[in-house]
Peer 1: 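Submitted below is the structure of interest, expressed as C-alpha cells.
Numbers restart at 1 for each chain; the letters A, B, ... are given by sequence-line order, proteins then strands. In this text the structure is predicted, and so the values were computed from the model without any measurement.
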There are 2 protein chains.
Amino acid sequence: MRPTVHDIAAAAGVSLATVDRVLNQRPGVRHVTREKVEKAIREIGYVRDVAAANLAKGRTYSFVFILPASDNSFMHGLNGEVRVAIARSSVERTNIRTIEVPAFDPRALVQILDELGDERPSGIALVATDAPEVRDAVDRLVQDGIPVVTLVSDLTGSQRHHYAGVDNIAAGRTAARLLGRFLGGARGEIAVLAGSMLVRDHRERLEGFAAVMAAEFPSLSILPVIEGRDDPEVAHMLVADALSRKSGIIGVYSLGAGNRGLIRALKEKAVDRSLTVIAHELTAHTRAALLDGTIDAILNQDAGHEVRSAIRVLKAKADGLAVIEAQERIRLDIFLKDNLP
Amino acid sequence: MRPTVHDIAAAAGVSLATVDRVLNQRPGVRHVTREKVEKAIREIGYVRDVAAANLAKGRTYSFVFILPASDNSFMHGLNGEVRVAIARSSVERTNIRTIEVPAFDPRALVQILDELGDERPSGIALVATDAPEVRDAVDRLVQDGIPVVTLVSDLTGSQRHHYAGVDNIAAGRTAARLLGRFLGGARGEIAVLAGSMLVRDHRERLEGFAAVMAAEFPSLSILPVIEGRDDPEVAHMLVADALSRKSGIIGVYSLGAGNRGLIRALKEKAVDRSLTVIAHELTAHTRAALLDGTIDAILNQDAGHEVRSAIRVLKAKADGLAVIEAQERIRLDIFLKDNLP
DNA sequence: CCAAATTTGATGTACGTAAATCAAAATCTG
DNA sequence: CAGATTTTGATTTACGTACATCAAATTTGG
C-alpha cells in the first residue's frame with residue numbers, strides 16, 4: 001500500500017496538522033520539527049496523491065496558449081489541436097484559452113506576457129518569437145514561479161521550463177542527407193524555399209541543411225534562399241521564376257510552410273524534369289503531392305503531440321512533479337509515401 | 001462548473017442512491033427510472049470524475065505484461081521499459097507484473113492466458129504469437145470483459161481491444177523505398193536478413209518490402225531470405241557466407257533483431273564494397289554502425305512509447321473511456337545519422 | 001518565573017464518487 | 001385488499017488530501 005499523510009505523521013511522531021503544514025509550506029513549524037517530518041517523508045517514500053490533492057483543492061489548471069496569427073496550414077493545424085485539447089479540458093480539470101498575437105512582433109508578445117504575469121495562470125505555452133525582449137519577459141514569468149513552455153519555436157538562452165518542438169538543426173541535416181542520398185551523387189543545384197529568415201526554426205533548418213550539404217555532398221550547390229513568406233502566391237511566383245531561369249536545379253528543399261504554391265509551380269514547370277523534393281509539414285496538399293510523386297519525402301512535427309506534451313509538462317511543473325523526458329521528446333517524423341498515417 | 005452526481009439527481013428528480021445504482025449498473029432500478037436518469041446524464045453532459053471515483057474505490061489497476069523470453073536487444077529494451085513503468089506504478093495506482101513465456105510457443109502462451117482468465121486482472125498486454133489457438137484464448141478473455149492489447153506483434157483476426165505496435169507492412173515498404181532510392185537506379189542483388197519467417201512482424205515486413213521492390217525497383221533483385229534466428233552468431237555466419245558467395249550484392253535489409261552479427265560480418269567482408277544497409281531497431285550496436293556509416297538508415301519502434309501506450313489504453317478500457325487514437329498510434333521512426341535522439 | 005509568542009495537536013469539513021444500510025414508498029401477486 | 005416484493009430515498013462512511021479553527025503545549029523574552 002502506498003504511504004499516506006497519516007503514515008508520515010506516525011513515522012515522524014507528529015500530528016497530521018504538522019505534516020500538512022510541512023507539505024504545503026505553511027508557517028508555524030519549528031526548524032527541527034520540519035526536518036523530522038521531511039526525513040520521514042523521504043524514508044517511507046511518500047508521494048503526494050495528486051488526484052486526491054486536486055480533488056480537495058477543487059483545483060483547475062488554467063493554461064494559456066499564445067499562438068501567432070499566421071494563417072498557414074501548420075498554424076491552423078496547431079490551433080485545431082489546441083481546440084481539441086480545450087474540448088477535452090473539462091474532463092482533465094484544465095481550463096485552456098488561447099491568445100492570438102501578430103506573427104513576428106516581439107513587442108506585442110512581450111505585452112501579452114507581461115499582462116499574464118499579473119493574471120498568474122497555472123502555466124503558459126507560447127510559440128516564441130526569438131528576440132531578447134521576449135526572452136526577458138519569459139524569464140520574468142519564470143522568476144515569478146509561473147511554468148512556461150515554448151511550443152514549436154524555442155527561445156534562445158531563456159529560462160523556459162521546457163521546449164515542446166523538434167530539433168530544427170537536426171531536421172535540416174536530415175533533409176540534406178535524404179536529398180543527397182536520393183540524388184545519388186548527381187551534380188547540380190538545389191533550390192531552398194523558406195518562409196522568412198527572421199524565424200528561428202527556418203534559420204536553424206537552413207543551418208543544418210547547409211552544413212551537411214557542404215560537408216558530405218560537395219557535388220550539390222545550394223542556390224540563394226528563396227523567401228516565400230509562407231504565402232502560397234509568393235512562393236509560386238518565386239519558385240516558378242527560379243525553375244525557368246535555372247536549368248541546373250535538380251533538387252528542392254522547402255523548409256517552411258505554404259507549400260501549396262511550391263507544389264503548383266512544380267507541377268507546371270517540372271513535368272519534364274525529374275526533381276527531387278523534400279518538404280516540411282504534412283498537410284492535405286503535401287500529402288497528395290507525396291502520393292503523386294511531386295514530393296519525395298516530408299519532414300513533419302506532430303502538432304497534436306506538441307500540444308499534448310506542452311499540457312502534460314505544464315501540469316507536471318504546476319504540481320512540482322518530474323516529467324518523463326523520453327515521453328516528451330518531440331520526434332521528427334519522416335514520411336515517404338509508404339508510411340503515411 | 002462541471003456537473004456532479006448531485007446535479008444528475010436534481011435534474012432527473014431522483015435520489016443520489018438511484019443515480020449511483022444507474023451509474024454503477026447496480027440492480028433494483030425500474031426501467032423507466034433508469035432511462036430518466038440516463039437522459040439527465042446525457043442532457044447535462046455529465047462525465048464521471050475518474051480520479052474521484054478511483055479514490056473512492058481505492059482502486060488499483062492490476063495489469064499483466066506477457067513477454068517472450070528471447071534475449072535479443074529489442075526484447076531486453078522492452079523488458080526494461082516495462083520495469084520503468086513498474087517503478088512508476090505506485091504513483092499511478094497501477095500494479096504491473098510481467099510473465100515470461102518461451103518465444104514462439106503458442107501452447108505455453110495459451111496456458112498463461114487461460115490462467116489469467118481466472119485471476120481476472122484489470123488488463124493484459126501480450127506480445128502475441130500469431131496462432132489460431134492464441135487468438136481463441138484472447139477472444140475468450142475479451143468475451144469475459146478483460147481488456148487485452150497486443151504489444152509489438154499483433155494477432156490476426158482476434159478481438160483484442162488495441163494493438164500497440166507499428167504497421168510492419170508499411171515498415172517493410174518504407175525500407176524498400178529508402179533502399180531503392182539510396183541505390184539510385186543501380187542494378188544488383190539485395191540480401192534480406194530476418195529472424196524467423198514464423199514471426200508475424202517479420203513476415204509482414206518482408207511482404208511490404210518485396211511488394212515495393214517488385215513494383216518500383218525492378219533493377220534490384222531480392223535474394224532468398226536468410227533466417228538468422230535473431231542470433232548474432234548465426235546471423236554473422238550466414239551473412240558472411242552470403243557476401244563471399246554473391247558478389248552482386250549491393251544492398252542489405254535486416255528486418256529482425258540480432259544485428260550484432262550482421263554488423264560484424266559487414267565490417268569484415270564489406271570494407272572494400274560499398275553496401276547500402278537498412279536495419280530495424282535502434283540499439284547501442286546499430287546506433288554505432290549508423291554513425292560510422294556501416295548502416296545507412298535504421299527503422300525503429302519506440303519500446304517506451306509502446307509500453308506507455310499499452311498502459312494508457314488498458315486503463316481507458318478498464319474505465320470504459322475512449323482513447324485518443326492519434327495519441328496511441330505507434331509511429332515508425334526513421335533514423336539517419338543526423339536525427340538520432 | 002510569568003506573560004507573550006510560537007509551535008503543535010485535535011478535530012471537523014470539503015472535494016466527487018462508491019458502497020452499504022435501513023426505512024419508506026410504490027408496485028405486483030393472489 | 002393484505003401481504004410479499006421490488007423500487008426508491010435518506011443517510012452514513014470511506015478514499016487521500018487541503019484547509020481552517022481552536023485549544024493545548026512548548027518555547028522565548030524580559
Side-chain angles (χ1 to χ4, degrees), chain A residues 1-38 40-41 44-61 90-95 122 315 318-321, chain B residues 1-38 40-41 44-61 90-95 122 315 318-321:
Chain A
M1 269 289 96
R2 201 176 149 173
T4 73
V5 281
H6 294 86
D7 300 322
I8 305 177
V14 300
S15 78
L16 222 59
T18 301
V19 173
D20 179 67
R21 287 178 187 117
V22 173
L23 275 177
N24 297 294
Q25 1 218 26
R26 273 184 260 279
V29 184
R30 251 193 318 167
H31 191 66
V32 280
T33 314
R34 187 173 293 274
E35 293 208 316
K36 204 164 60 178
V37 173
E38 279 165 351
I41 291 176
I44 67 177
Y46 169 84
V47 184
R48 183 196 251 106
D49 182 329
V50 182
N54 285 346
L55 180 60
K57 275 194 278 211
R59 157 173 223 168
T60 60
Y61 305 84
S90 78
V91 183
E92 322 222 335
R93 300 193 103 70
T94 53
N95 193 336
S122 321
K315 250 191 202 173
D319 291 332
L321 296 178
Chain B
M1 268 290 96
R2 201 178 149 171
T4 73
V5 282
H6 294 85
D7 300 321
I8 306 177
V14 300
S15 77
L16 221 61
T18 302
V19 173
D20 179 67
R21 287 178 187 118
V22 173
L23 276 176
N24 297 293
Q25 356 216 33
R26 273 183 261 279
V29 183
R30 254 191 316 165
H31 191 65
V32 280
T33 315
R34 188 175 292 275
E35 293 207 319
K36 205 165 60 178
V37 174
E38 279 165 351
I41 291 177
I44 66 176
Y46 168 84
V47 184
R48 179 195 254 113
D49 183 327
V50 182
N54 286 345
L55 180 60
K57 277 194 277 211
R59 158 175 221 165
T60 59
Y61 305 85
S90 78
V91 183
E92 321 221 335
R93 299 194 103 71
T94 54
N95 192 337
S122 320
K315 250 192 203 172
D319 291 332
L321 296 177

Peer 1: Could you tell me whether a side-chain N or O of B:R2 sits under 3.5 Å from a main-chain N or O of B:V47, the two making a donor and an acceptor?
Peer 2: yes

Peer 1: Nearest heavy-atom pair of A:A40 and A:A12: which atoms, and what distance?
Peer 2: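 Heavy atoms only, the tightest pair is CB-CB, 3.8 Å.
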
Peer 1: Between atom CG of A:N54 and atom CG of B:L55, what is the distance when rounded to the nearest 0.5 Å?
Peer 2: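 Answer for the CG-CG pair, A:N54 versus B:L55, is 11.5 Å.
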
Peer 1: Between D:dC15, D:dT17, C:dC15, which one does the side chain of B:L55 approach most closely?
Peer 2: D:dC15

Peer 1: Checking all strands, does A:D20 fall into the base, sugar-phosphate, or nothing category for heavy-atom contacts under 4.0 angstrom?
Peer 2: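 Contact class for A:D20: base.
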
Peer 1: Got a list of protein N/O to nucleotides 9-14 of chain C N/O distances below 3.5 Å?
Peer 2:
unit_1	atom_1	unit_2	atom_2	d
C:dG9	OP2	A:S15	N	2.7
C:dG9	OP2	A:S15	OG	3.2
C:dG9	OP2	A:T18	OG1	2.7
C:dG9	N7	A:R21	NH1	3.4
C:dG9	O6	A:R21	NH2	2.9

Peer 1: Quick check for you: among D:dC19, C:dA19, C:dT17, whose closest atom lies nearest to any side-chain atom of B:R48?
Peer 2: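 Of the options given, the side chain of B:R48 lies nearest C:dT17.
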
Peer 1: Measure across B:P3 and B:Y46 and return the closest heavy-atom pair with its distance rounded to 0.1 Å.
Peer 2: O-CD1, 3.4 Å

Peer 1: Considering just the side-chain nitrogens and oxygens of B:R34, establish if one lies under 4.0 Å of OP1 or OP2 belonging to D:dT7.
Peer 2: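 Checking B:R34 against D:dT7: no side-chain N or O falls below 4.0 Å of OP1 or OP2.
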
Peer 1: How many whole angstroms separate atom CZ of A:R93 from atom C1' of D:dA18?
Peer 2: 13 Å

Peer 1: So does A:R26 get a side-chain nitrogen or oxygen closer than 4.0 Å to the phosphate oxygens (OP1/OP2) of D:dC19?
Peer 2: yes

Peer 1: Whole angstroms only, please: what is the CD1-C1' distance between B:I8 and C:dG16?
Peer 2: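 In whole Å, C:dG16 C1' lies 11 Å from B:I8 CD1.
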
Peer 1: How many Å lie between CD1 on A:I44 and C1' on D:dG16, as a whole number?
Peer 2: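 Checked: the CD1 to C1' distance equals 13 Å.
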
Peer 1: Could you state the CG-C1' distance from B:D319 to C:dT17, rounded to the nearest angstrom?
Peer 2: 13 Å

Peer 1: Using a 3.5 Å cut-off and no angle test, enumerate the donor-acceptor pairs between side-chain atoms of residues 19-26 of chain A and protein atoms at least two apart in sequence or in another chain.
Peer 2:
unit_1	atom_1	unit_2	atom_2	d
A:D20	OD1	A:N24	ND2	2.9
A:D20	OD1	A:R26	NH2	3.2
A:D20	OD2	A:R26	NE	3.2
A:D20	OD2	A:R26	NH2	2.8
A:N24	OD1	A:R48	NH2	2.9
A:N24	ND2	A:D20	O	3.3

Peer 1: To the nearest angstrom, how far is B:H6 atom NE2 from D:dT11 atom P?
Peer 2: 12 Å

Peer 1: Using 0.5 Å steps for rounding, measure from the CD1 atom of B:I8 to the CD atom of B:E38.
Peer 2: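 The CD atom of B:E38 is 10.5 Å from CD1 of B:I8, to the nearest 0.5 Å.
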
Peer 1: Want to settle it: does B:A52 or A:L23 sit nearer the 5' end of DNA chain D, counting the closest nucleotide to each?
Peer 2: B:A52

Peer 1: Less than 4.0 angstrom between a side-chain N/O of A:R30 and OP1 or OP2 of C:dT8, yes or no?
Peer 2: yes

Peer 1: How long is the line joining NE2 of B:H31 and C1' of D:dT6, in whole Å?
Peer 2: 16 Å

Peer 1: Once you round it to whole Å, what is the distance between C1' of D:dA18 and CD of A:Q25?
Peer 2: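 Result: 13 Å.
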
Peer 1: Both B:G28 and A:V5 contact DNA chain D. Taking the nearest nucleotide for each, which residue is further toward the 5' end?
Peer 2: B:G28

Peer 1: What integer distance in Å separates B:Y46:OH from C:dG16:C1'?
Peer 2: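 In whole Å, C:dG16 C1' lies 7 Å from B:Y46 OH.
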
Peer 1: How long is the gap from CZ on A:R93 to NZ on A:K315, to the nearest 0.5 Å?
Peer 2: 9.5 Å

